[in-house]
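The figures here come from the full heavy-atom set of this structure, side chains too, leaving out hydrogens, waters and symmetry mates. Each chain gets a letter, A, B and so on, in the order its sequence line appears, and its residues count up from 1. If you're wondering where the values come from, they're calculated on a predicted model, not measured in any experiment.
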Amino acid sequence: MSSPKSDFLRTLTERGFIHQTSDLDGIDAAAKEGRLTTYVGYDCTGPSLHIGHLLSIIMLHWLQATEAGKPIALMGGGTTRIGDPSGRDSTRQILTTEKIEENKNSIKTAFNRFLTFGNGKLDAVMSDNAEWLPHLNYIDFLRDIGRHFSVNRMLSFDSVKLRLERDQELSFLEFNYMLLQAYDFVELNKRYGCVMQMGGSDQWGNIVNGIDLGRRLGTPQLYALTCPLMMTASGQKMGKTANGAVWLNGDLLAPYDYWQFWRNTEDADVERFLKLFTYLPMDEIAKLAALGGAEINEAKKILATEATAILHGREAAELAAETARVTFEQGELAESLPTVEISAALIDAGLGVLTAFGPEYAKLLPSTSEARRQIKSGGLRVNDKTVTDERGVLRVADLTAEGVVKLSFGKKRHVLLRPV
RNA sequence: GGGGGAAUGUCCCGAGCGGCAAAGGGGGCGGACUGUAAAUCCGCUGCGUAAGCUUCGUAGGUUCGAGUCCUACUUCCCCCA
């Protein structure tokens, strides 16, 4: 197609969101008229979404911001009971319905910062396929939906093919996943006039199945749009911090740590990430991207603050930036660092360093054995002084003027112990 | 139904004559160098502030001593029917 006429497609294209689409012209036209109602589905396999999901959420944001259509966030309350085999070597553990409900409620909270929900034409809605999938009748489903699926073709999909080639188990349960996801698309079309599904590039097959099913059932033309799988410039899969996944929920990953995650972006990724993970205008991004050498750190700080702001709010982002500035640039003690309160009696009696860093208190390290090893390689500091004696003890004399002890693991992770 | 093979350090792959806390990778973490980057180099990578304790699919057995030998069971793969 020529250059896109809709703000929506132009934005996604210039910011690098688009990996694959069906019928670009059709999408463009629908976006221009504001009738591109679009959904993205989210599994409820974990307690929170993580940055792997962020691209699709931001795409929904742009959909709404450019007035291209109504965003639908679909919770996979039903499909999670089956388990998507895509990208999986082995069968997912089957979660209990209680666990799925719990995850779902926790996941939902992340969307409010990105989308405006309500009853208006372009207001976002949250749906849940547990509303319809559990009520399907097996025979009816086979007759109405199953007959449109060719097993020959299903076997050719990567998610299935890989398992078969490697002689890995693929249960009949999982084999049905793609039918249900296809059905979701059609159902959302009926309920909300949804005409497009977006997702990560690994979802392409599943999405196209929905389009095919729609055509066979006489549903209006449906569209697909996928975004690239996020990798860092050095080829690592994105989304890991030292402590695990980069969760979107603040109770699982504090705004400060989230800010740090973005601050540590590789040079080569800065421009790409500014486009994808912030709402900054393109000309401003171009300026930041032009920075070279050590100056690029300024761009990284802006990336971190902007990305944190759209998830946790401006105030939390500024606080994280300030905490980082005091800690890293002035080398001073920032009282807003993550703080663990301990009983004053522990300090009075003298608290062993190994224990203090361990899982019981600062939680910087998973075990005291690990703490011992880190001391040997010089990775632990108390009040910015490297710990050399694994038998060292924290005492009242170690408290700073602020009445805390600063424990550091590596150059980047700090925790304050505050006796109360 | 019959025959053969395999399960190893709770991230993955993977060696392992009866003396093993168990080779080697990958990944991860720390240190050095830098810019809280990448690349590179070095170190660490079961638990325990000591003594020591607990690991090789599960349960028994042989032995001074078992990842290693024997028996049963579980799961997976291959061949035959």
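Residue Ala324(A) is classed as a base contact, given a heavy-atom separation below 4.0 Å to a base. Nucleic acid contact for Gly293(A): base, since at least one base atom lies under 4.0 Å from a heavy atom of the residue. In this structure, Thr327(A) reaches neither bases nor backbone, as no heavy-atom distance under 4.0 Å exists between it and the strands shown. Using a 4.0 Å heavy-atom cutoff across all strands shown, Leu380(A) reaches no nucleic acid atom at all.
Look at CD on Glu360(A): it is 13 Å from C1' on G48(B), rounded to the nearest Å. When rounded to the nearest whole Å, the span between CZ of Phe409(A) and C1' of U36(B) equals 15 Å. Arg395(A) has its CZ atom 17 Å from the P atom of U49(B), to the nearest Å. What separates CZ of Phe357(A) from C1' of C44(B) is a distance of 17 Å, to the nearest Å. Here the C1' atom of nucleotide U49(B) and the NZ atom of Lys376(A) are 11 Å apart, to the nearest Å. Atom-to-atom, CG of Asn264(A) to P of U36(B) comes out at 10 Å; the value is rounded to the nearest Å. Rounded to an integer number of Å, the gap from Arg272(A) CZ to A38(B) C1' is 14 Å. Rounded to whole Å, atom C1' of U34(B) lies 11 Å from atom NZ of Lys300(A).
Annotation: A22(B) and A72(B) have their C1' atoms spaced 27 Å apart (nearest Å). Taking atom C1' in both C53(B) and G5(B), one finds a spacing of 35 Å when rounded to whole Å. Spacing of P atoms, G52(B) relative to G35(B), comes out at 48 Å, to the nearest Å. With both ends at atom P, the span from C33(B) to G28(B) equals 22 Å, rounded to whole Å. The separation of G2(B) from C73(B), taken at their P atoms, amounts to 12 Å, rounded to a whole angstrom. The same atom, C1', is picked in U10(B) and in U58(B); the two are 16 Å apart, to the nearest Å. To the nearest whole angstrom, the two P atoms, one in G67(B) and one in G61(B), are 15 Å apart. Comparing the same atom, P, in C64(B) and in G57(B) gives a spacing of 25 Å after rounding to whole Å.
Remark: the Lys411(A) side chain and the U34(B) base include a donor-acceptor N/O pair separated by less than 3.5 Å. A donor-acceptor contact under 3.5 angstrom links the side-chain atoms of Gln260(A) to the base of U36(B).
A close approach under 4.0 Å does not occur between any side-chain nitrogen or oxygen of Ser369(A) and OP1 or OP2 of G46(B). Between Arg413(A) and the phosphate of G30(B), there is a side-chain N or O to OP1/OP2 separation shorter than 4.0 Å. Taking side-chain N and O atoms only, Arg372(A) has a distance below 4.0 Å to OP1 or OP2 of A50(B). Under 4.0 angstrom from either OP1 or OP2 of C47(B) there lies at least one side-chain N or O belonging to Arg373(A). For C44(B), the OP1/OP2 oxygens have no side-chain nitrogen or oxygen of Ser377(A) closer than 4.0 Å.
Side-chain atoms of Tyr42(A) and Ser56(A) include a donor-acceptor pair closer than 3.5 Å. A side-chain donor from one of Trp132(A) and Asp184(A) sits under 3.5 Å from a side-chain acceptor of the other. Side-chain contact, Thr116(A) with Asp123(A): no donor N or O sits under 3.5 Å from an acceptor N or O. Side-chain contact check for Gln197(A) and Gln203(A): no donor-acceptor pair (N or O, by modelled atom type) lies under 3.5 Å.
Each of Gly410(A) and Arg325(A) was assigned the nucleotide of RNA chain B with the nearest heavy atom; the assignment lying further toward the 5' end belongs to Gly410(A). Mapping Gly379(A) and Lys412(A) onto RNA chain B by nearest heavy atom places Gly379(A) closer to the 5' end of the strand.
Shown are Thr400(A), Asn383(A), Asp384(A); of these, the side chain to side chain donor-acceptor pair (under 3.5 Å) with Lys406(A) is made only by Asp384(A). The side-chain contact (heavy atoms from CB on, under 4.5 Å) test with Trp259(A) is passed by exactly one of Leu303(A), Asn264(A), Thr305(A): Thr305(A).
Closest to the Asn297(A) side chain, of the nucleotides U49(B), A38(B), G35(B), is G35(B).
Across all strands shown, A6(B) forms a Watson-Crick or G-U wobble pair, both distances under 3.5 Å, with U75(B). Figure legend. C69(B) is base-paired to G61(B); pairs are counted as Watson-Crick or G-U wobble with both atom distances under 3.5 Å. In this structure, G1(B) and C80(B) make a Watson-Crick or G-U wobble pair, each of the two defining distances being under 3.5 angstrom. Pairing of U34(B), defined by two Watson-Crick or G-U wobble distances under 3.5 Å, is not identified with any nucleotide. With a cut-off of 3.5 Å on both Watson-Crick or G-U wobble distances, the partner of G27(B) is given as U45(B).
Ring-plane geometry between Trp262(A) and Phe277(A) is classed as tilted, the angle between the planes lying from 30 to 60 degrees on a 0 to 90 degree scale.
Nucleotide C20(B) is shown with a syn base, its glycosidic torsion being within 90° of 0.
The environment of Glu315(A) atom CD is sparse: at most 12 non-hydrogen atoms of other residues, nucleotides or ligands sit within 6.0 angstrom.
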